[in-house]
Amino acid sequence: MLRTRTCGELRTSHVGETATLCGWVDKYRDHAGIVFIDLRDRYGKTQIKFDLADNSEIQELARHLRYEDVIQVTGEVVARPAGLENPKLDTGSVELLVRDLKVLNKSKTPPFEPDGQSVPNEDIRLKHRYIDLRRPSIQQNLILRHRLTKVVRDYFDKLDFLEIETPMLGRSTPEGARDYLVPSRVHEGTFYALPQSPQLYKQLLMVAGFDRYMQIARCFRDEDLRADRQPEFTQIDVEMAFVERDDILNVIDGLVAEMIQAIRGEQFQLPLRRYTHAYCLENYGSDKPDMRFGMQLIDIGDIAGQCEFGVFKQTIAAGNRVRGINVKGGADKYSRRILDVDMKALVADYGAKGLAYFKVTGGKLESSIAKFFTDEQQQAIIAKMGGEEGDLLLYVADTFKVSSSALSAVRNRIAREQKLFDPNTMEVFWVLDFPLFTWNDDEKRFDAEHHPFCSIHPDDEQYLATDPGRVRASSYDLICNGYEAASGSVRIHDPKIQQRVFELMNISNEEAEQRFGFFLDALRYGAPPHGGIALGLDRWVMMFTGGDNIRDVIAFPKTQKAADQMTGAPSEVDARQIRDLHIKLDVKE
RNA sequence: GGGGUGGUAGCUCAAUUGGUUAGAGCACCGGACUGUCGAUCCGGAGGUUGCGGGUUCGAGUCCCGUCCGCCUCGCCA
């Protein structure tokens, strides 16, 4: 080893010891006669000093050290003089008096300093990611990611789960997300697909008898990116045989408690709360509501239908909804301009045509539309909304879907702006009883809400023949702070029901056999009842770090256009490579 | 594919209604300094204002196109 200690290690107890440290020059302070350098490695920072009186040759070398030079120093660990300790450093009570200095690698002037003083724009950070990754905050994120992953593996190992790897080169299945394709050289004109998830493989492992499976699995989806979505991401993938829904929920409850205990040192109340999909949409407008704060959606349809405000009246007459939220004390926090322009634009993103609002003033409603409401109606609205002096009431009148998503967005924005929640809390809960299908009016068929292998809620089997839209799925999402943190279901293990689901999705027997024949076959050879779930590892790490962007917990992430600014991927390839793959390019010049 | 926002020195930013030689802090180079810890002080160098076109006596600023980053709708079983 080129070092005997790390830069985060030395304490008063080491005083008198001769130590050798290696690291990067984080800061230098040159006083001519004495030179201080903060030496940094992954473990921390240690102040080292060069004293002119001791060795002028090394002193001279030390004076020319610059940011990000990599050096090796040997010297004596000495206590700092009284009053000169640095409480900001863990090693701040000591320093290394250097006897010997070796410059292992002089650095070019770096494009930015990873000192955390100012964080550069993200394109610069990603282009020089190896420097960005020197920033202690990012290093902490990746260290936390490692710890969390280990907690997860240990938890499942204790419960007799086996980690089994599944292929990256698989068969394309056109449902769901767009596949990343890999052309086959050997089989002319054919393609592998990278896995969107190991879904079918893990179910086949259940058929094979590996009744408790888990995998830290890389997944790929060729869809547009978001702050919490990367084209390749990592799932904690889980599947169990001979279980019912609650068995899986209980196992994951335990995992969540274990993760929070290990990372945050907190005892977590189990079982996790459970809400229905319908409840979440009705009261929060979202199937992944942020429950760190209240401000629930309240329906005023009964009053809206009676009032003289045309938009409200017509909305109710058309069988749609008028719902709103009460922004406590918000009357003087949101100007007319913000409400009429910014907030209106926000709800317009979700298809809402407008945002109605009242301020509660002098026990009445104040607004440009207040005149359309009688005194009694105004009092009824105030009562229903729990309105008090100075409150701001916001309404969206539209279909259930549009009013839900628009109000949910408004709710989230206001909570963020008004700091209605403690960003350090984690509100984790289950959402159950999703619909099995959503009707696809363009294609005149049902689409699977979760995926086509999701089984039916035990109470709803009767509706499969009569009213498929009413059938609830035996599926479940785990929500944390407004993010989908996990999603899973009990699977269909009966080929007859599987076939019926395909029929409703307008997938013919022949088509199903052609696309999933191997899988349907497996179900016919003794498939046990089984179910599973997958947790988004990146999102969990992000939440534990308190971040709002998944890129900060991935060592080498892609930009929003799915490019790697550092390596230049994706790139063109040699004509020879293309030819070997039997591919012709058709690219717009 | 749509909407929003940004791109000025190595980095973070400023630059009035379009108007002198595009500035500051940090970094970099040189000098001073034996207890600093975002060291300090003195001096210096550093610019294709993302790129291309246009309007104008004059463009960082206005217009058109384009590239890139970020947020977002659609999309993501």
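Chain letters run A, B, ... following the sequence lines, proteins first, then strands; residues in each count from 1.
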### Message
For the NZ atom on A/K344, are there more than 12 heavy atoms of other groups (residues, nucleotides or ligands in this structure) within a distance under 6.0 Å?
### Response
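Open.
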hbond_proxy A/N86 side chain to B/C37 base (donor-acceptor, 3.5 Å cutoff):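 Per atom types, the contact qualifies.
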| What about A/D224: does its side chain form a donor-acceptor pair under 3.5 Å with the base of B/G74? |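 Pair found.
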Please state whether the phosphate of B/G38, meaning OP1 or OP2, lies under 4.0 angstrom from any side-chain nitrogen or oxygen of A/K88.
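So the side-chain polar atoms of A/K88 do come within 4.0 Å of the phosphate oxygens OP1 or OP2 of B/G38, strictly under.
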### Query
Has A/R226 got a side-chain N or O lying under 4.0 Å from the OP1 or OP2 atom of B/C73?
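Yes, A/R226 has a side-chain N/O under 4.0 Å of OP1/OP2 on B/C73.
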Rounded to whole angstrom, note down the P distance from B/C13 over to B/G58.
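Straight-line distance between the two P atoms is 33 Å.
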NA contact type, [X], heavy-atom cut-off 4.0 Å: base, sugar-phosphate, or nothing?
{"X": "A/S197", "answer": "base"}
{"X": "A/P452", "answer": "base"}
{"X": "A/F453", "answer": "nothing"}
{"X": "A/Y28", "answer": "sugar-phosphate"}
{"X": "A/R551", "answer": "sugar-phosphate"}

Problem set entry | A/D115 CG - B/C37 P separation (whole Å) |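 Between P of B/C37 and CG of A/D115: 15 Å.
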Quickly work out the A/I37 CD1 to B/C37 P distance and round it to whole Å.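 Value for this atom pair: 15 Å.
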A/T399-A/N320 side chain donor-acceptor pair, cut-off 3.5 Å:
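No, A/N320 and A/T399 have no side-chain donor paired with an acceptor closer than 3.5 Å.
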query = With stacking defined as ring centroids separated by under 5.5 Å and planes differing by under 30°, is A/H31 stacked against B/G35?
reply =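 A stacking contact does not exist, since A/H31 is not both close and nearly parallel to the base ring of B/G35.
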- prompt: With stacking defined as ring centroids separated by under 5.5 Å and planes differing by under 30°, is A/F36 stacked against B/U36?
  reply: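 Stacked: centres under 5.5 Å apart, planes under 30°.
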Looking at A/Y463, is A/R470 sitting on its ring face, NZ or CZ under 6.0 Å from the six-membered ring centre and within 45 degrees of the normal?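 The answer is yes; both the distance and angle limits are met.
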Okay, side chain of A/R445, backbone of A/L504: is any donor-acceptor separation there less than 3.5 Å?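 No; zero donor-acceptor contacts below 3.5 Å.
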Selection from B/G30, B/C11, B/C76 that lies nearest to any side-chain heavy atom of A/R229:
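Of B/G30, B/C11, B/C76, B/C76 is nearest to the side chain of A/R229.
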Query raised in the report: What nucleotide among B/C11, B/U34, B/C68 has an atom nearest to a side-chain atom of A/K561?
Result: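 Between B/C11, B/U34, B/C68, the one nearest the side chain of A/K561 would be B/C68.
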Taking a pair as Watson-Crick or G-U wobble with both distances under 3.5 Å, which nucleotide is matched to B/G6?
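Check on B/G6: paired to B/C68, both distances under 3.5 Å.
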